[in-house]
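Here's the structure we're looking at; comments come further down.
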Amino acid sequence: MSSQLRMRRRGEDDVKLPKRLPREEYSVLIRILNDFLTLGESIEEIQPVAKGFSGATIARVTTNLADYALRGWPKESLSAERIRELHAYLDHLHKHELPVAVPVRSTSGETLVHEEGRFWQCEPWLPGAPVTRDDFSLSSFQSIMKTLASIHLTSECFRSRTSGKRWFSTARDVVPAVIERAQLIQSWQRTSTKDQISKCRMLPNEPREVCLEVLSRFGESSSEVLHELHSLSALPLAIFPCWRDLHGEHVLLENHQVTGLIDASATRTDHPATDLSRLFGSLWGDDFHRWETALAHYREQRQLSENDLSVLISLDRSSVLLSGLTWVDRWCRGEVAESRETEVLERMHTIAARMKGLNAPENRERYSSWS
């Protein structure tokens, strides 16, 4: 039986379709899904989930047998070679019983298909809901940190194919994120902030005020944070594949247990502090009591040296410094959709508050106590 007949067993008109999805887009998704679903599997519902700033498109697909996430990579995205190596890495984690979704293979045996000018993949829909800073218990802490430490330990054992070593390797070397953050801060110091201040003055009241505050805070702290990064830039440490964008929305919980880590699109070789700093900052901000609790649970599974902790601190501080600038740039470019303005403004106010605390003496005392 052909895949086309397999998909149409119930008829396209029988599939539950959200009104906001144009019919022509629906037909494209049906055609793509034809490549992935198994014999006897028919679509019951397609529900668009998200379309992020990166241009990625995600839809939840319900069939008579299972639920899937269909992901369309941005048209100008990672190379197919890198995405396929990412899939091999996820398969490595899955074989070690870690909660990640491994893309299914198409009828041609590939985990990636090209359609409508972009790459697509289809993977099992993982259960659970994204973790939030208000949804925490001791069991949640333990499960999240045990899972993350296990992923890092397993990642250290991953051996990529020769073609994938440029993105997924294991070594003892300088930390890529430290070098990149230092370069970004220097770039903003040289030219960008002056340009952005004039652009910010053209924005409506509330975004103008918070954007100008972010730029002012950057000027107050950037030299000191840059100095910290430079002090770590020649330090060789263990690096291996890391998620690198592990904020709360990418960790799924059910009954206080981790059921999945999702959206590994930023994954490549780096230091585990990229994951720790991103996760801690997104969930707890400057609540360093929770940072300490989480680190204690992580260290039960995997050790962190004093240098590792120094990298964690500097990556968090540089992330606070740079994330606000990212949103300033998006506002000035007109890339913040009207439907997301309230959400983005709340996020920027949170960032500005953290930027204010970068040089607070009490925060420095907390940092020094971890080692």
Side-chain angles (χ1 to χ4, degrees), residues 54 77-79 81-93 96 98 100 144-145 147-161 163-187 225-226 228-251 261-283 291 294-295 298-299 301-323 326:
S54 68
S77 181
L78 307 180
S79 68
E81 187 178 32
R82 177 172 171 179
I83 298 173
R84 290 191 178 99
E85 195 65 29
L86 170 61
H87 293 174
Y89 167 69
L90 293 172
D91 186 56
H92 170 76
L93 297 180
H96 285 78
L98 291 164
V100 299
I144 291 172
M145 300 320 298
T147 300
L148 183 53
S150 296
I151 283 177
H152 287 162
L153 287 168
T154 305
S155 297
E156 289 182 274
C157 302
F158 179 65
R159 298 295 178 264
S160 66
R161 294 167 291 192
S163 60
K165 287 188 182 298
R166 74 186 93 168
W167 306 294
F168 299 90
S169 61
T170 301
R172 190 167 185 84
D173 206 341
V174 297
V175 177
V178 168
I179 305 300
E180 292 165 6
R181 300 279 179 86
Q183 291 172 344
L184 283 171
I185 291 172
Q186 287 176 309
S187 175
V225 174
L226 180 60
E228 294 169 6
L229 292 168
H230 279 159
S231 70
L232 298 167
S233 62
L235 194 65
L237 294 171
I239 58 174
F240 47 82
C242 295
W243 223 259
R244 295 179 65 253
D245 191 26
L246 194 63
H247 55 77
E249 292 179 3
H250 290 168
V251 181
L261 268 63
I262 59 174
D263 195 353
S265 58
T267 299
R268 63 169 170 79
T269 299
D270 219 313
H271 189 274
T274 57
D275 293 339
L276 292 166
S277 62
R278 184 77 171 96
L279 182 64
F280 292 5
S282 72
L283 289 177
W291 281 59
L295 279 172
Y298 181 93
R299 293 168 103 172
Q301 304 291 323
R302 183 179 181 276
Q303 291 301 307
L304 292 169
S305 68
E306 186 173 343
N307 286 333
D308 292 329
L309 292 170
S310 295
V311 173
L312 166 60
I313 293 165
S314 289
L315 290 185
D316 173 63
R317 286 163 59 78
S318 58
S319 177
V320 171
L321 203 64
L322 290 165
S323 57
T326 298

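If you're wondering where the values come from, they're calculated on a predicted model, not measured in any experiment.
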- Task: Kindly compute the distance separating CG (Leu261) from CD1 (Ile144), expressed to the nearest 0.5 Å.
- Result: 9.0 Å

- Could you state the interatomic distance from CZ (Arg268) to CZ (Arg166), rounded to the nearest 0.5 Å? 13.5 Å

- Query: Under a 4.5 Å cut-off applied to non-hydrogen side-chain atoms, are Arg302 and Pro272 in contact?
  - Reply: yes

- Query: Between atom OG of Ser310 and atom CG of Leu235, what is the distance when rounded to the nearest 0.5 Å?
  - Reply: 8.5 Å

- Message: Which heavy atom of Thr274 sits nearest to which heavy atom of Ala177, and what is that distance?
- Response: CG2-CB, 3.7 Å

- Query: Does the side chain of Leu276 come within less than 4.5 Å of Leu304's, by heavy atoms?
  - Reply: yes

- Could you grab the distance from atom CD of Gln301 to atom OG1 of Thr147, nearest 0.5 Å is fine? 9.0 Å

- For Val174 against Ser233, the heavy-atom pair lying closest together: CG1-O, 3.3 Å

- With sequence neighbours left out, what residues match His96 under ring pair (Phe, Tyr, Trp, His ring centres under 6.0 Å)? His92

- Message: With heavy-atom distances below 4.5 Å as the criterion, would you say the side chains of Ser150 and Leu98 are in contact?
- Response: yes

- Please walk me through it: do Phe168 and Arg82 pass side-chain contact (heavy atoms from CB on, under 4.5 Å)? CA-CA 9 Å; Phe168 299 90; Arg82 177 172 171 179; 4.1 Å; yes

- Starting at CD of Glu85, measure out to CG of Leu78 and round the result to the nearest 0.5 Å. 12.5 Å

- Side-chain contact, heavy-atom cut-off 4.5 Å: Arg181 with Arg317? no

- Message: Main chain of Leu315, side chain of Ser277: is a donor-acceptor contact present, judged purely on distance under 3.5 Å?
- Response: no

- Sorted by chain and number, sequence neighbours left out, side chain to side chain donor-acceptor pair (under 3.5 Å) with Thr326 holds for none

- Message: Given 3.5 Å as the limit, does a donor-acceptor pair link the side chain of Asp308 with the main chain of Ser305, or not?
- Response: yes

Would you be so kind as to tabulate the donor-acceptor pairs closer than 3.5 Å made by side chains of residues 240-248, with sequence neighbours excluded?
from: Trp243; atom 1: NE1; to: Ile262; atom 2: O; distance (Å): 3.1
from: Trp243; atom 1: NE1; to: Asp263; atom 2: O; distance (Å): 3.2
from: Arg244; atom 1: NE; to: Asp270; atom 2: OD2; distance (Å): 3.4
from: Arg244; atom 1: NH1; to: Ala266; atom 2: O; distance (Å): 2.7
from: Asp245; atom 1: OD1; to: Arg278; atom 2: NE; distance (Å): 3.0
from: Asp245; atom 1: OD1; to: Arg278; atom 2: NH2; distance (Å): 3.1
from: His247; atom 1: ND1; to: Glu249; atom 2: N; distance (Å): 3.3
from: His247; atom 1: NE2; to: His250; atom 2: NE2; distance (Å): 3.4

- Message: Using side-chain heavy atoms (C-beta onward) and a distance below 4.5 Å, is Phe280 in contact with Leu295?
- Response: yes

- Is there side-chain contact between Leu93 and Ser155, with at least one heavy-atom pair below 4.5 Å? yes

- Is any side-chain heavy atom of Thr267 less than 4.5 Å from a side-chain heavy atom of Leu90? no

- Task: Show your reasoning for whether side-chain contact (heavy atoms from CB on, under 4.5 Å) applies to Arg161 and Glu81.
- Result: CA-CA 11 Å; Arg161 294 167 291 192; Glu81 187 178 32; over 6 Å; no

- Message: A side-chain contact here means heavy atoms from C-beta on lying under 4.5 Å apart; do Leu232 and Val175 qualify?
- Response: no

- How long is the gap from NE2 on His152 to NE2 on His271, to the nearest 0.5 Å? 9.5 Å

- Item | Short side-chain donor-acceptor distance under 3.5 Å, Asp316 and Ser319 | no

